[in-house]
Amino acid sequence: MTEKYNPAEIEPRWQAKWEADGLYHADIDQSRPKHYALTMLPYPSGDLHIGHWYAMTPSDARARYLRMKGYNVMFPIGFDAFGLPAENAAVKHNIHPKEWTYANIERMRKQLRSMGAMWDWRREAISSDPKYYRWSQYFFIKLYEHGLAYRKMAPVDFCPNCNTTLAREQVWGEDRHCERCETPVIKKDLEQWFFRTTSYADELLDFSPIDWPERVRLLQTNWIGRSEGASVQFPLVADRRSIITVFTTRPDTLWGATFMVLAPEHPLVEKITTDECRQVVEAYQAQAARRSDIDREAVDKEKTGVFTGGYAINPVNGERIPIWIADYVMMTYGTGAIMAVPAHDERDFAFAIEYGLPIIPVIARPDGISKSLVFPGSVRDGFAAELESADIEFYAAPVGDLGEGLFVTLQREQVDHYTALMTQYLQPGNWNEIVGSSWLFIFDDGVVALDSVDADQAILARCKAIYPPVRHNRTVMEMLDSLPFYRDVLFHHEYGDMIHSGEFSGVPGDAAVEKVTEFLEEKGIGEGAVNYRLRDWLISRQRYWGAPIPMVYCEGCGWNLVPEDELPVLLPDDVEWLPTGESPLKLHPTWAQTTCPACGGEARRETDTMDTFMCSSWYHLRYLSPEYDEGPFDPQEYDYWMPVDTYTGGIEHATMHLIYTRFFHKAGRDMGIMKGAEPMMRLRNQGMVLGEDGEKMSKSRGNVVAPDELVAAYGADTVRAYLMFFARWDLGGPWDSQGVGGPSRWLKRVWTLYTEKPQINGNPPESILRDLRRKVHQTLKDVTRDFENFEFNTIISSLMELLNFMYLARDQGAVGAPAWNEAVDVYLRMMAPVTPHIAEELWVETLDKPYSIHNQPWPEVDEAAAQVEQITLIVQVNGRLRDRITVPVNISAEDAKKTALASESAARFMEDKKPRHVIYVPGRLVNIVI
RNA sequence: GCCGAAGUGGCGGAAUUGGCAGACGCGCACGACUCAAAAUCGUGUUCCUUCGGGAGUGUGGGUUCGAUUCCCUCCUUCGGCACCA
C-alpha cells in the first residue's frame with residue numbers, strides 16, 4: 001500500500017521549512033541577472049478573496065519559473081492599508097480603524113501564506129505604518145517644493161455618503177456615483193490640494209519604453225485625451241483690452257464663428273453681462289449651479305442658454321458677435337469658453353437653430369453635393385428639359401399643397417451651369433437657392449452668396465418680401481431647416497476646402513488648419529495649442545484614516561510645509577467616532593494646533609489626509625527597503641532592483657493607479673529621486689473570477705468562493721493548478737466548482753505514478769522510450785514558451801497530456817529506463833512553479849533528490865530529442881481531407897507528392913482527372929487540385 | 001454617439017507563421033471493481049447521415065489551392081469615454 005496524497009499534511013510542512021530556511025529571500029547579487037516581479041498590493045479588507053489567489057498564483061508561478069531559469073527574483077508583498085472601509089467599520093462596529101486594519105492584516109498574512117507563494121516577507125510594507133507614510137509625506141513635500149503640488153478652490157466631486165471628495169476617476173457611471181458606495185456625487189466648491197499630473201500629459205502618452213497591453217495604453221491615451229488645435233483671442237466690444245480666449249480644434253472654421261458661448265460659471269460673465277440682461281443671466285447661472293451633473297447627463301437634451309448682452313469681435317473678420325452662456329460649455333475643459341461655429345459643429349448648430357443665431361457655412365462639403373428645390377411655378381416651362389439634357393439629377397414631387405416642384409441634386413461641377421440656367425428661367429418675383437456645397441440665392445436681378453452675417457439678413461429680408469410665410473424666420477438657415485429635403489446638407493463637420501473666409505477662401509481642407517494657425521500667430525491673435533482631457537490629481541480627502549498632508553496654515557504667513565525633520569506628521573489615535581460627516585481630525589481638540597514653521601506663531605495643521613492612491617504610487621519602492629530611514633528607499637537596492645520587470649494586476653486600475661504611479665515616477669525622476677523613464681516595464685492584466693452564476697462575486701449575492709475552504713478540501717496545489725487552468729488568465733470567467741475535480745485528479749494521478757510500484761517492469765520497446773523523450777522535450781518547450789507568454793492554462797494541459805503519456809509508457813515497461821528517469825525528473829521541475837508543495841515532496845521523498853527542488857535549474861530542451869521523426873502527411877483533394885499517411889519527417893517534396901498521388905483514398909475523389917496543381921506544404925500536407 | 005475587445009461542442013477552453021478544427025479538462029453515457037455507494041480505472045462523446053459521405057468556428061460576402069486565422073458588411077455581448085469645443 002502506498003500512502004495517499006495528503007496535501008493537508010504536506011503543504012504546511014514544506015511552507016514552514018521554506019520559511020525557516022529563507023529559501024525565497026531575495027538579496028542583491030551582482031552575479032545573477034535580477035528580476036523584480038510585482039503584483040498589485042492588496043487592500044486588507046479582512047478576508048483573502050479568490051480574486052487575490054487568481055491574481056497572485058500565476059504571478060508566483062512565473063516568478064518561480066524565472067528563479068529556476070537563473071534569475072535573482074524579488075517577489076514582495078505588502079498592504080495598501082489606509083482607506084475608507086476601515087473608517088466605515090469604525091462607525092459601524094465601534095472599533096478603531098487601526099485596530100481593524102492590523103487585525104485584518106494579521107489574518108490575511110496567514111491566508112496568504114497558505115498559498116505557498118515565494119514572497120520574501122522581510123520586504124513587507126504597510127502603507128499605514130508611520131515608517132511608511134513618513135515617506136508619503138516626504139514625497140508630498142518634494143512635489144510641493146518643485147511646484148507640482150498646489151492648493152486651489154475648485155468645484156469638486158463630493159460623495160455625501162462617504163463625506164469626502166473624490167478624484168475624477170473615482171466617480172463612475174452615467175449617474176456619476178461614488179465608486180465605493182454608489183451614492184450619486186454632488187459638486188462642492190472646496191479648497192483642495194492637487195498634483196500637477198497635467199504637466200506630464202504628453203510624456204504619459206509615450207508608451208515606447210514599456211511593454212504594456214494595447215488595451216491599457218488605449219485607455220490611458222483616451223483618458224489623457226490630447227487634442228490639437230489653436231487658442232484664439234476674441235476682444236470684447238465694450239472693452240477691447242479684455243480678451244476671451246477659446247480653444248478650438250478647428251481654427252479653419254474661424255470665419256464661421258457667429259457667436260460665443262461661455263460656461264455659466266466663467267469668471268468673465270459678470271463683466272460682460274449688460275444691465276438689461278443681468279437678471280436673466282443670474283437666474284440662469286443659479287439654475288445651472290443647482291443642477292447637478294446628473295441632470296446634465298442627457299447629451300441629446302435640448303440646449304439651453306441665455307444672451308449676456310455683450311459682444312466680442314471675431315478677430316479674423318472683425319464681425320461683432322454676441323456672447324451667450326450655456327451649460328453645454330464646461331468650465332473644466334479648455335478655457336471654459338468656445339467660439340461657436342454653428343455650420344460645422346453639431347451642438348452649436350442645434351443651439352443656433354434654437355435661438356435664431358446666424359449660421360454661415362465656411363467649409364465646403366467634401367462630397368461636393370448641393371441641393372436646390374425649385375418651387376412650383378417659379379421657373380418657366382422647359383426648365384426640366386434643360387436639366388435632363390445637362391444630366392442633372394432631379395425628381396418632381398408635390399411641395400405641400402402648392403403643386404409640383406423639382407428636387408434637384410447637383411454635383412460640384414454642375415453648379416455654374418445650373419445657376420446660369422436658373423438665372424435664365426426664373427420667373428420674376430421668385431427666388432431659388434442652392435445649398436450644401438455652394439450657398440447661392442438666385443433672385444431675378446442677381447445672385448447673392450450666403451457668405452456673411454450681413455448677407456444672411458439681406459437674403460432673409462428679400463425672401464420675406466417675396467414670400468410672406470417665411471416672415472417668422474430669424475435666419476436663412478432656420479428657413480432652410482424647415483424644408484426636410486435640405487436637412488442632410490445644411491450641416492457637416494468634415495474637413496474640406498475653405499469658403500466664405502476672405503483671402504483664405506479656396507484653401508484646401510488638408511492645409512487649412514495649419515495655414516490659419518500660422519496666420520493667427522503672425523497677427524498675434526492666437527497660436528497653436530494642445531488641450532488635454534486629463535486634469536490635475538485631486539488628493540485631499542476629508543477623512544481620518546490616511547496620511548496627513550504635511551502642511552500648516554498660519555494667518556500671517558499662509559501655507560507652509562512641515563519641515564522634513566519633523567516628519568512623520570503622526571495620525572493621532574485618540575479620536576472620537578461621531579457620525580458627523582466631519583473628519584475626526586478636524587474635531588480633535590488639540591491635534592491641529594501647532595506653530596508656524598516660518599514665524600513661530602500660532603498655526604493650524606491641514607486636517608485633510610491624502611488619497612490612498614498616493615501611498616500606492618510608490619509602494620514598489622518601499623519594498624526595496626521597508627526599514628530604511630534615510631530616505632524613501634535605499635539607493636543601492638534601487639539601483640539593483642529597479643525598474644519593476646513584470647507587473648501584474650487588474651485592468652480596473654488602468655486610468656487610476658497606473659497613471660498615478662507613472663506620473664509619480666516621472667516627477668520623482670525630474671526631482672532627482674528616481675531614475676529612468678518608467679517604473680514598470682512589462683504589465684499584464686488578469687481577468688476576473690466570477691461567481692458560479694456568472695455574476696460578480698459579492699456577499700449580498702451569496703456567490704462568493706472562499707479560498708480557505710477550497711484549500712481545506714483540495715489543498716493549495718490543486719487550487720493553484722485549477723486557477724491557472726480553468727480560463728484564459730487575461731479573461732477570467734465564472735467559477736465552476738465541479739471543474740476543480742480535473743486538476744485534483746491530475747495531482748492524485750501524479751502522486752500515484754510516483755509512489756505506486758509498477759505492475760510491469762523492464763523490456764520496453766525502443767520506440768516507446770524514444771517517444772517518451774520526444775514528448776518530454778516537446779512539453780518542456782511548450783511549457784517554457786507558455787510561461788514566457790503568460791499563457792498559464794496551456795501549461796497545465798501540456799503537463800496533463802505528458803502525464804497521460806507517462807502512464808502509457810509505464811504500462812509498456814518503461815520504468816527504470818534512462819528515458820523514464822529523465823521524464824520523472826523533468827516532470828517535477830516543470831510542476832514545481834505551479835504546484836510547489838507536491839513537487840518538493842515527490843522530489844525529496846520519492847525520487848530521493850537533494851532539497852530543494854526550488855533551487856534546481858529549469859531543464860534544458862534537447863532539440864534533437866524533441867524532433868519528430870515521422871509525420872502524418874495530410875492528403876487533400878481540392879482542399880478537403882482525404883487521407884493520412886505516415887511518412888518520414890524529412891521526406892522530399894517529390895516523394896511526398898508521389899506518395900499522396902498514390903493514395904487510393906485520394907484517388908477515389910480525383911475522378912480520373914489529371915491534377916492541375918499539386919501543392920506540398922513541407923511537414924504538413926499535400927493538396928491535389930483538380 | 002465615439003473608441004476598443006470578444007463570439008469555436010452541453011460547459012471552460014486548444015489550434016503559436018494561412019495548412020488535420022475541437023488538444024486538455026468538466027459534464028454526460030456505457031463498462032470494470034463493489035452487496036451497495038463514493039473513490040478509482042477503462043471506452044465513447046461537434047452535428048446530420050441512406051455509413052459513401054456531408055455540414056460546421058456569431059451572420060453574409062471576398063482574397064486563396066486551402067481561412068477559426070487575412071479583408072469588407074452586419075448581428076450579439078462586454079469594457080471605456082461621453083455636450084471635450
Side-chain angles (χ1 to χ4, degrees), chain A residues 4 172 174 213-216 218-223 225-227 229 246-250 253 257 261 263 296-301 303 326-330 332-341 344-348 350-351 493 531-533 651-652 654-655 721-722 725-728 730-746 748-749 752 781-782 785-786 789 791 793-804 807 871-884 908-909 915-930:
Chain A
K4 263 181 71 182
W172 287 9
E174 284 192 10
E214 174 69 33
R215 190 167 159 217
V216 175
L218 201 82
L219 283 170
Q220 294 204 347
T221 303
N222 290 342
W223 186 260
R226 180 191 156 99
S227 45
V246 302
F247 172 74
T248 176
T249 54
R250 295 298 299 272
T253 64
V261 186
R296 290 199 189 182
E297 145 218 350
V299 174
D300 48 354
K301 88 174 159 57
K303 304 266 176 282
D327 65 6
Y328 80 91
V329 174
M330 307 287 139
T332 47
Y333 185 81
T335 61
I338 63 162
M339 63 177 210
V341 182
H344 305 292
D345 180 282
E346 211 167 350
R347 293 152 307 169
D348 297 345
F351 194 82
H493 54 72
N531 224 292
Y532 300 93
R533 213 187 69 102
I651 187 82
E652 66 273 16
T655 54
Y722 180 60
F725 177 65
F726 92 102
R728 263 179 57 176
D730 55 336
L731 296 180
W735 178 263
D736 175 9
S737 54
Q738 275 190 321
V740 196
S744 172
R745 270 189 280 278
W746 171 51
K748 283 183 195 160
R749 271 162 58 77
T752 305
K781 226 173 146 170
D782 291 347
R785 186 199 54 221
D786 290 346
N789 297 336
E791 284 163 12
N793 53 342
T794 45
I795 290 174
I796 313 294
S797 55
S798 298
L799 289 173
M800 286 174 169
E801 233 179 306
L802 176 55
L803 184 73
N804 292 342
Y807 265 97
I871 54 153
T872 305
L873 185 73
I874 300 303
V875 182
Q876 294 181 336
V877 177
N878 284 347
R880 287 163 177 275
L881 175 73
R882 295 305 180 190
D883 202 1
R884 299 162 208 259
R908 284 199 293 140
F909 294 90
R916 284 195 288 143
H917 312 279
V918 180
I919 292 152
Y920 174 57
V921 182
R924 294 197 190 269
L925 57 77
V926 174
N927 189 10
I928 302 163
V929 185
I930 58 166

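Chain A is the first sequence line, chain B the second, and so forth, proteins listed ahead of strands; every chain is numbered from 1.
Comparing the P positions of B/A5 and B/C71 gives a spacing of 11 Å, expressed to the nearest Å. Straight-line distance between the P atoms of B/C30 and B/G7: roughly 35 Å, to the nearest whole Å. Taking atom C1' in both B/C78 and B/G31, the straight-line distance is 44 Å, to the nearest Å. Taking atom C1' in both B/U64 and B/C70, one finds a spacing of 10 Å when rounded to whole Å. For the P atom pair drawn from B/U69 and B/G61, the interatomic distance equals 15 Å after rounding to whole Å. When the C1' atom is used for both B/A23 and B/A15, the distance is 8 Å, rounded to whole Å. Taking the C1' atoms as reference points, B/U46 lies 10 Å from B/A21, given to the whole Å. Rounded to whole Å, the P atom of B/A85 lies 25 Å from the corresponding atom of B/G79.
Within a 6.0 Å radius of CD in A/E652, more than 12 heavy atoms belonging to other residues, nucleotides or ligands are found.
For A/R882, the listed nucleotide lying nearest its side chain is B/G54; candidates were B/C84, B/A85, B/G54. Distances from the side chain of A/R745 to the nucleotides B/G54, B/G13, B/G27 place B/G27 closest. The nucleotide whose nearest atom lies closest to any side-chain atom of A/S227 is, among B/A85, B/G54, B/C41, B/A85. The side chain of A/R347 lies closest to B/A85, out of B/G53, B/C65, B/A85. Here the nucleotide nearest the side chain of A/D327, chosen from B/G12, B/C83, B/C41, is B/C83. Across B/G27, B/A85, B/G25, the shortest atom-to-atom separation from the side chain of A/Q738 is found for B/G27.
For A/A727, the side-chain contact (heavy atoms from CB on, under 4.5 Å) test picks out A/Y54, with sequence neighbours left out. With sequence neighbours excluded, the residues forming a side-chain contact (heavy atoms from CB on, under 4.5 Å) with A/S227 are A/F247, A/T249, A/Y333, A/N531, listed by chain and number. With sequence neighbours excluded, no residue satisfies side-chain hydrogen bond (donor to acceptor under 3.5 Å, both in side chains) with A/Y920. Under the rule for a side-chain hydrogen bond (donor to acceptor under 3.5 Å, both in side chains), the partners of A/R749 that lie at least two apart in sequence or sit in another chain are A/N804. Considering only residues two or more places apart in sequence or on other chains, A/R924 meets the side-chain contact (heavy atoms from CB on, under 4.5 Å) condition with A/V921. Shown here are the side-chain hydrogen bond (donor to acceptor under 3.5 Å, both in side chains) partners of A/Q220, two or more places apart in sequence or in another chain: A/R662. A/D782 meets the side-chain contact (heavy atoms from CB on, under 4.5 Å) test with A/R785, A/S798; sequence neighbours excluded.
The backbone N or O of A/H493 lies less than 3.5 Å from a partner atom in the side chain of A/R250, making a donor-acceptor pair.
Look at B/G9: its glycosidic torsion is within 90° of 0, and that puts it in the syn range. Applying the 90° cutoff around 0 to the glycosidic angle, B/G22 is assigned anti.
Geometrically, A/R347 does not engage A/Y328 in a cation-pi contact, judged by NZ or CZ lying under 6.0 Å from the ring centre and within 45° of the ring axis.
Separating the CG atom of A/L799 from the C1' atom of B/G25 is a distance of 13 Å, rounded to the nearest angstrom. Per the geometry, CG belonging to A/N531 stands 8 Å off C1' belonging to B/C84, to the nearest Å. Rounded to whole Å, the distance from CG on A/D782 to P on B/A14 is 14 Å. Note: CD (A/Q220) to C1' (B/C3) measures 16 Å, nearest angstrom. The separation between A/I796 atom CD1 and B/A14 atom P is 13 Å, rounded to whole Å. Distance A/L731 CG to B/A5 C1': 9 Å, rounded to the nearest Å. When the C1' atom of B/G56 is taken as reference, atom CZ of A/R880 falls 11 Å away, rounded to whole Å. The CE atom of A/M339 sits 9 Å away from the C1' atom of B/A85 (whole-angstrom rounding).
Within 4.0 Å (heavy atoms only), A/G732 reaches sugar-phosphate atoms of the nucleic acid but no base atom. At the heavy-atom level, A/F909 lies under 4.0 Å from the strands shown only through sugar-phosphate atoms. In this structure, A/N927 reaches the bases: a heavy-atom distance under 4.0 Å links it to at least one base atom across the strands shown. Residue A/R226 is classed as having no contact, given no heavy-atom separation below 4.0 Å to the nucleic acid. Within 4.0 Å of A/R728, counting heavy atoms only, lie sugar-phosphate atoms of the nucleic acid but no base atom. No contact: A/N789 has no heavy atom under 4.0 Å from any strand.
Here the side chains of A/V341 and A/T248 are not in contact, with every heavy-atom distance at 4.5 Å or above.
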Exercise for the section: Would you sketch RNA chain B in dot-bracket for me? Only Watson-Crick or G-U wobble pairs with both distances under 3.5 Å count, crossing pairs as [ ], other-strand pairs as |, the rest as dots. Expected result: (((((((..(((......[....)))((((((.......))))))(((....)))..(.(((..]....))).))))))))....
Enumerate the protein-to-nucleotides 75-80 of chain B contacts in which both atoms are nitrogen or oxygen and the separation is below 3.5 Å.
none

Could you pull out the protein-nucleic contacts involving nucleotides 20-23 of chain B (nitrogen or oxygen on both sides, under 3.5 Å)?
unit_1 : atom_1 : unit_2 : atom_2 : d
B/C20  : O2     : A/R884 : NH1    : 2.1
B/A23  : O2'    : A/E801 : OE1    : 3.4
B/A23  : O2'    : A/E801 : OE2    : 3.2

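Between A/V740 and A/D345, the residue anchored nearer the 5' end of RNA chain B, judged by the nucleotide with its closest heavy atom, is A/V740. Nearest-nucleotide positions on RNA chain B place A/A727 closer to the 5' end than the other of A/A727 and A/G742.
Pairs engaging residues 731-741 of chain A under the side chain to side chain donor-acceptor pair (under 3.5 Å) rule: A/E692-A/S737 [sequence neighbours left out].
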For residues 871-881 of chain A, which side-chain N or O atoms pair as donor and acceptor with protein atoms under 3.5 Å away, sequence neighbours left out?
unit_1 : atom_1 : unit_2 : atom_2 : d
A/N878 : OD1    : A/I930 : N      : 3.0

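Taking CE of A/M330 as the start and CD1 of A/I338 as the end, the distance is 10.0 Å to the nearest 0.5 Å.
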